[in-house]
Structure formats: structure tokens, C-alpha cells
There are 2 protein chains.
Amino acid sequence: MTTKKRGQIDTSFLDAFVGYHVRRVGNGFDRSFTEAMAGTEIRQALFGVLSLIAANPGINQGGIADALEIKRANMVGLIAELEERDLIARAVVPSNRRAFALTLTAAGSAMVADCLARIGRHEDRLLANLSSAERIILIGLLRRLA
Amino acid sequence: MTTKKRGQIDTSFLDAFVGYHVRRVGNGFDRSFTEAMAGTEIRQALFGVLSLIAANPGINQGGIADALEIKRANMVGLIAELEERDLIARAVVPSNRRAFALTLTAAGSAMVADCLARIGRHEDRLLANLSSAERIILIGLLRRLA
DNA sequence: TATTGTTATACTCTATAACTATA
DNA sequence: TATAGTTATAGAGTATAACAATA
């Protein structure tokens with residue numbers, strides 16, 4: 001053969017690194033996530049924001065940014081998009097008029113429920129090769145790296 | 001308190017999903033990787049390409065794209081950059097004049113060795129909370145998802 | 001001075017479609 | 001027709017610096 005084909009390629013240098021596997025698995029999850037969300041127009045970052053507001057009504061943008069480990073500057077577009085779509089509402093906090101208290105609208109709550117069901121199925125599909133115990137072990141190991 | 005502070009925020013919706021943890025850990029690895037490579041001007045994708053050429057001299061661009069699960073179109077810039085920096089060499093394959101056989105230059109080999117040492121230290125730092133056995137378990141679980 | 005949100009901008013990785021040249 | 005590489009372009013996530021309003 002003149003060139004190597006897939007599966008014959010030596011990836012031993014990369015195989016030793018956790019970062020390589022995390023990246024590959026993460027990219028696969030990204031692609032599957034996008035498929036699973038088809039029709040909702042909800043992306044990963046948007047779901048992260050929605051789910052945090054669902055569990056923490058009244059949270060502000062900076063709180064979400066800290067929890068999701070993204071920059072405040074990148075929250076602006078996400079929040080604006082969710083508000084334009086009437087999935088969240090912003091209310092000025094009287095005691096701190098710089099901040100907005102964020103809550104879900106009824107449509108936002110319904111969207112979160114729909115997304116949770118979709119993501120549950122997407123995860124079950126991607127993790128089909130692991131037992132329930134293994135899935136728990138995996139999450140536990142990843143949590144200790146965060 | 002008027003707003004929730006970091007650590008007081010409920011992330012339970014996200015915590016149940018492997019994809020969320022993979023993403024967070026992956027982002028942390030990305031940031032650390034960039035730090036670890038400071039001064040080399042080698043990014044993740046570039047190291048992936050270099051390491052595959054190191055282990056598979058003569059491989060072509062399509063073979064690398066398949067192995068790294070990236071698109072051929074995105075290889076063009078990476079390969080051009082590495083060639084401009086004299087880290088790799090391209091040779092037309094006589095039996096298939098569409099393809100280029102890729103090999104490392106001496107500078108490329110030295111760069112791979114330097115990067116391997118840097119990445120090894122970066123991984124040891126990020127994985128300090130895991131035992132050797134746990135690291136192996138983690139890689140094993142991630143490999144079964146790829 | 002510090003915090004909250006904002007604007008502007010840039011970088012990295014990934015993705016698709018259409019093209020050239022070879023096979 | 002199919003393959004190998006290329007071009008152009010776009011989307012998503014993340015990053016920094018500087019700013020206004022508020023505390």
C-alpha cells in the first residue's frame with residue numbers, strides 16, 4: 001500500500017494523554033448534542049444558561065458566567081437571544097440596579113423540560129457501551145478534575 | 001444576600017450529564033494546554049498533526065484528517081503552517097501524484113520531543129487528584145466512548 | 001475603588017459546498 | 001466516478017481590553 005488507511009494509523013503518542021481522549025469524546029458529544037437538539041435552536045451554551053436559571057431563579061449574568069466558567073462578556077449575546085425568544089425574563093434588582101434577576105418564562109420552562117428529555121436520550125445513546133456503574137465512575141472521575 | 005455566589009449555585013440539572021463534565025474538563029485542559037505550550041506556538045490541532053506524522057512517516061493529509069476526526073479542508077492551513085515553519089516536509093507520492101507524503105524535519109522531531117515533555121507535565125498537574133490506576137480507568141472509559 | 005453589564009474584537013476548532021488535478 | 005487536496009465561508013465557543021452605570 002502507498003498510504004496508510006484509517007485503523008492502521010499509529011496514534012500511540014496521543015493515546016497516552018487524557019486530554020486527547022477528552023477532546024475526542026467531547027467533540028463527539030458536541031456533534032450528537034447538536035443533532036439531539038434539532039428544531040429547538042438551543043445550543044450547548046444556551047442550555048447551560050437555561051438550566052442554571054431553572055435551578056436558580058433570580059440568578060444574575062455574572063453568577064451564571066462564574067458557574068459555567070465562561071466570561072461575562074460572552075453572556076451578553078446568550079442572554080439577549082434567550083430574552084428575544086421569550087424564554088427568560090430580566091428584572092432590575094432594586095437593591096442593586098446594576099444587576100438583572102433572571103427567571104424562566106412559561107415557554108422557557110417548557111423548553112428546559114423538552115431539552116432535558118432530548119439530552120437524556122442523547123446521553124443514553126452515546127453511553128450505551130458503559131454500564132450504569134461505569135457511567136457513575138466516569139462522572140466521579142471527571143468531577144475530580146473540574 | 002441579593003445574588004447567589006459561586007459555590008452556592010445549584011448545577012444539579014447539568015451534573016447528571018456526562019457531556020457537561022466532559023465539556024468542562026475539556027475546556028480546562030484546553031486552557032492548561034495553551035499555557036504549557038507557551039513559546040512553542042504549537043496549538044492542539046498542530047500537535048495532533050505533528051505527533052501523527054512522527055508515528056506514521058509518509059502519511060498523507062487525508063489519513064491524518066481521518067485519524068483525528070477533523071475535515072480535510074481544515075488540514076490545509078495546519079499543514080501549510082507546519083511546512084512554512086520547517087517542521088514538516090511534503091513530497092509528492094510518485095504512485096499517486098494527488099497525495100503528499102508527510103515527514104518530520106529535524107526541527108519537527110525536536111519540537112515533538114519538547115511538546116511531549118511539556119504535555120506530560122501538564123497532564124501530571126491536571127490529573128494530580130487521580131491515582132495512576134484511576135487515570136488508566138478514566139482513559140479506558142473514554143476510549144470506549146470514541 | 002469594585003462590581004455588573006456591555007461593546008468591540010480576535011482566536012481556535014469545526015463544518016459545508018464547490019473547485020482542481022489526478023486516478 | 002472516486003480520491004486528494006484546496007478555497008471560501010460560516011458557526012460555535014472562548015478570550016482580552018476598555019467603557020458606562022452603579023455601588
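Naming convention: chains lettered A, B, ... in sequence-line order (proteins, then strands); numbering from 1 in each chain. Just so it is clear, the values below take in all heavy atoms, side chains as well, and ignore hydrogens, waters and symmetry mates.
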For atom CE of Met37(B) and atom P of dC13(C), their distance in whole Å
12 Å
dT4(C) base / Arg98(A) side chain donor-acceptor hit below 3.5 Å
no
Just call it for Asn27(B): base, sugar-phosphate, or nothing, with non-hydrogen atoms closer than 4.0 Å on any strand.
sugar-phosphate
Let's test your reading of the model: under 3.5 Å, does the base of dT12(C) pair with the side chain of Arg43(B) as donor and acceptor?
no
If hydrophobic clusters are built by linking Ile, Leu, Val, Met, Phe, Trp and Tyr wherever their side-chain heavy atoms come under 4.5 Å apart, do Phe33(A) and Val18(B) end up in the same one?
no
For residues Arg125(A) and Ser32(A), is any side-chain donor paired with an opposing acceptor at under 3.5 Å?
yes
Using atom CG of Asn96(B) as one end and atom C1' of dT3(D) as the other, report the distance to the nearest whole Å.
8 Å
Rounded to whole angstroms, how far apart are CG on Leu68(B) and C1' on dC13(C)?
12 Å
Taking 4.0 Å as the cut-off, does a side-chain nitrogen or oxygen of Arg31(B) come that near to OP1 or OP2 on dT14(D)?
no
Please give, in whole Å, the distance from dA12(D) C1' to Arg23(A) CZ?
13 Å
In whole angstroms, the gap separating C1' of dA23(C) from CZ of Arg97(B) amounts to 10 Å
Could you check Asn60(A), Leu68(A), Asp66(A) and say which one makes a side chain to side chain contact (heavy atoms under 4.5 Å, CB included) with Ile64(A)?
Leu68(A)
With DNA chain D as reference, determine whether Asn74(B) or Ala101(B) sits nearer its 5' end, using the nearest nucleotide of each.
Ala101(B)
Please tell me if Arg90(A) has a side-chain N or O lying less than 4.0 Å from either OP1 or OP2 of dT6(C).
yes
Yes or no on side chain to side chain contact (heavy atoms under 4.5 Å, CB included) for Leu141(B) and Arg144(B), after CA distance, side-chain angles and deciding distance?
CA-CA 5 Å; Leu141(B) 291 171; Arg144(B) 286 168 54 200; 4.0 Å; yes
Using atom CZ of Arg24(A) as one end and atom C1' of dT14(C) as the other, report the distance to the nearest whole Å.
15 Å
Nearest-angstrom distance from the residue atom NZ of Lys71(A) to P of dA18(D)
16 Å
Rounded to the Å, how far apart are Ile59(A) CD1 and dT3(C) C1'?
16 Å
